[in-house]
Trainee: 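Sharing a structure with you now.
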Amino acid sequence: MSSTDDLRARFEGAFGAAPDGVWQAPGRVNLIGEHTDYNEGFVLPFAIDRAARVAVRLRPDSSVRLLSTFGSQGLTTADTGSLDRGTSKGWTRYPLGVLWALQQRGLSVPGLDLLLDSDVPRGAGLSSSHAIECALILALNELTNAGLSPEDMVLATQRAENDFVGAPTGIMDQSASLRGSAGHALFLDCRDRNVRLIPFDAESAGLVMLVIDTRVSHSHAGGGYAARRGSCELGAEVLGVKALRDVDLTDLEEACGLLDPETFRRVRHVVTENDRVLQTVDLLGSSGPRAIGPLLDASHASMRDDFGISCPELDLAVETARSAGAIGARMTGGGFGGSAIALTPVAAEPRVRAAVERAFARAGYTAPDIFSVRTAAGARRVE
Ligand code: ADP
Ligand code: MG
């Protein structure tokens, strides 16, 4: 990612004046708790040391001019008086969605010039989209004195993704991006939106968190994600609960008799995954990061076998990382592609990387992108 000075200079070159400031928001890795957020359950993501940065200047008129440091897309222009759902494409959907969502809250939104830079891999399940949204909403909150609380910003960015971009996502990604903290994971109860920071310091435990981006592109807007949400809604309805959050492990036997086999497996994933999140929080507190490997493995098996959201590349990444020395591994993110994570002893890192690369080459898959991530601070102003 370019330095803040570079970004300021590029902004001035493109827009002819200095930005009012530069804001940054991280991507996230979900340690555990997949497809539990929209079931009003538990998730445990952490903000990572990869971020989107926006240099922003408010304008006296209603024009919006958007530029990024990547890709071939040149300047995109819009007008705050006519923000149109469905017409914008690519990364500009996210900032425009934020402006739109703020208008939906009744805020008057000024025009602006914006330059985006990001080193969050896109479409890898690390929430490059919310990183953009969170950086901008933080900037606007400050520059317009909108007085939005973190929770307001969480809900506004969800609105942007759901109703402007058309991605039916929950509140996990932006909560991690806005409220994450270095050395911690964020335990989030998606029902009441309470958060608690849980110490998670892999480095001190001699571990490194590897991300294996399979390069299989996922799409939240695609049918699989919507179908899983549909199964969860159906399961909750048949079981007579508000959300699957209200189903316990002990209810599963009875649920088995009430649900068709596929819906039952979907429900079982959500119920057991919620339990694994709670166990992970307990174990991190009592025994530290080295203790959670088996829970990561069990989470992956549940997503593969019960929820049906893995793919051959993710399975290969997870299995290979485990046999090469990772203490736990799972796919992370929405599924159907994207990334796996492998919690790996520092000494085993080269072996794990080499083994996964070799296995992908042997299978004829596109070479994966493997990198390590650390916990990092949440969204903030950097200049
Ligand atoms: P994720 O949020 O998991 O990365 P999404 O599909 O939600 O995946 O968002 C990815 C989209 O975000 C891309 O298709 C692109 O429009 C936009 N985007 C985010 N970061 C970048 C970037 N650095 N370069 C280009 N597009 C980006
Ligand atoms: Mg996204």
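Count residues from 1 along the sequence. Counting convention: from 1, in listed order, for ligands and their atoms alike.
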Trainee: Go through the steps to decide whether Glu142 and Trp23 satisfy the test side chain to side chain donor-acceptor pair (under 3.5 Å), and finish with yes or no.
Mentor: CA-CA 10 Å; Glu142 194 172 328; Trp23 287 260; 3.1 Å; yes
Trainee: Inspect the surroundings of CD in Glu383 and state if more than 12 heavy atoms from other residues, nucleotides or ligands are less than 6.0 Å away.
Mentor: yes
Trainee: Can you tell me how the ring of Tyr225 sits relative to the ring of His35, calling it parallel under 30°, perpendicular over 60° and tilted otherwise?
Mentor: tilted
Trainee: Taking side chain as C-beta onward, heavy atoms only, is Leu239 less than 4.5 Å from Asp246?
Mentor: no
Trainee: For the side-chain hydrogen bond (donor to acceptor under 3.5 Å, both in side chains) test, which of Gln158, Glu161, His130 pairs with Thr169?
Mentor: Glu161
Trainee: Checking only N/O/S atoms, does Thr169 have one that is under 2.8 Å from the Mg ion (ligand 2)?
Mentor: no
Trainee: When you measure from atom 19 (C) of ligand 1 to each heavy atom in Ala124, Ser339, Ser128, Ser68, which option holds the nearest one?
Mentor: Ser128
Trainee: Any side-chain heavy atom of Arg276 sitting closer than 4.5 Å to one from Ser302?
Mentor: yes
Trainee: Going by atom types alone, do Ser127 and Arg28 pair a side-chain donor with an acceptor below 3.5 Å?
Mentor: no
Trainee: I want to confirm something. Looking only at heavy atoms, which of Ala52, Ser217, Pro121, Gly90 is nearest to atom 16 (O) of ligand 1?
Mentor: Gly90
Trainee: Any N/O of Ser129 closer than 3.5 Å to an N/O of ligand 1?
Mentor: yes
Trainee: Below 4.0 angstrom from a heavy atom of Gly125, which ligand 1 atoms are there? Numbered from 1 as shown, please.
Mentor: 3 (O)
Trainee: What part of His130, side chain, backbone, both or neither, has a heavy atom within less than 4.0 angstrom of ligand 1?
Mentor: neither
Trainee: Give the atoms of ligand 1, by number and element, whose distance to some non-hydrogen atom of Leu126 is under 4.0 Å.
Mentor: 3 (O)
Trainee: Which bit of Ile132 gets closer than 4.0 Å to ligand 1, counting heavy atoms only: side chain, backbone, both or neither?
Mentor: side chain
Trainee: Quick check on Ser127 - does any of its heavy atoms sit under 4.0 Å from an atom of ligand 1?
Mentor: yes
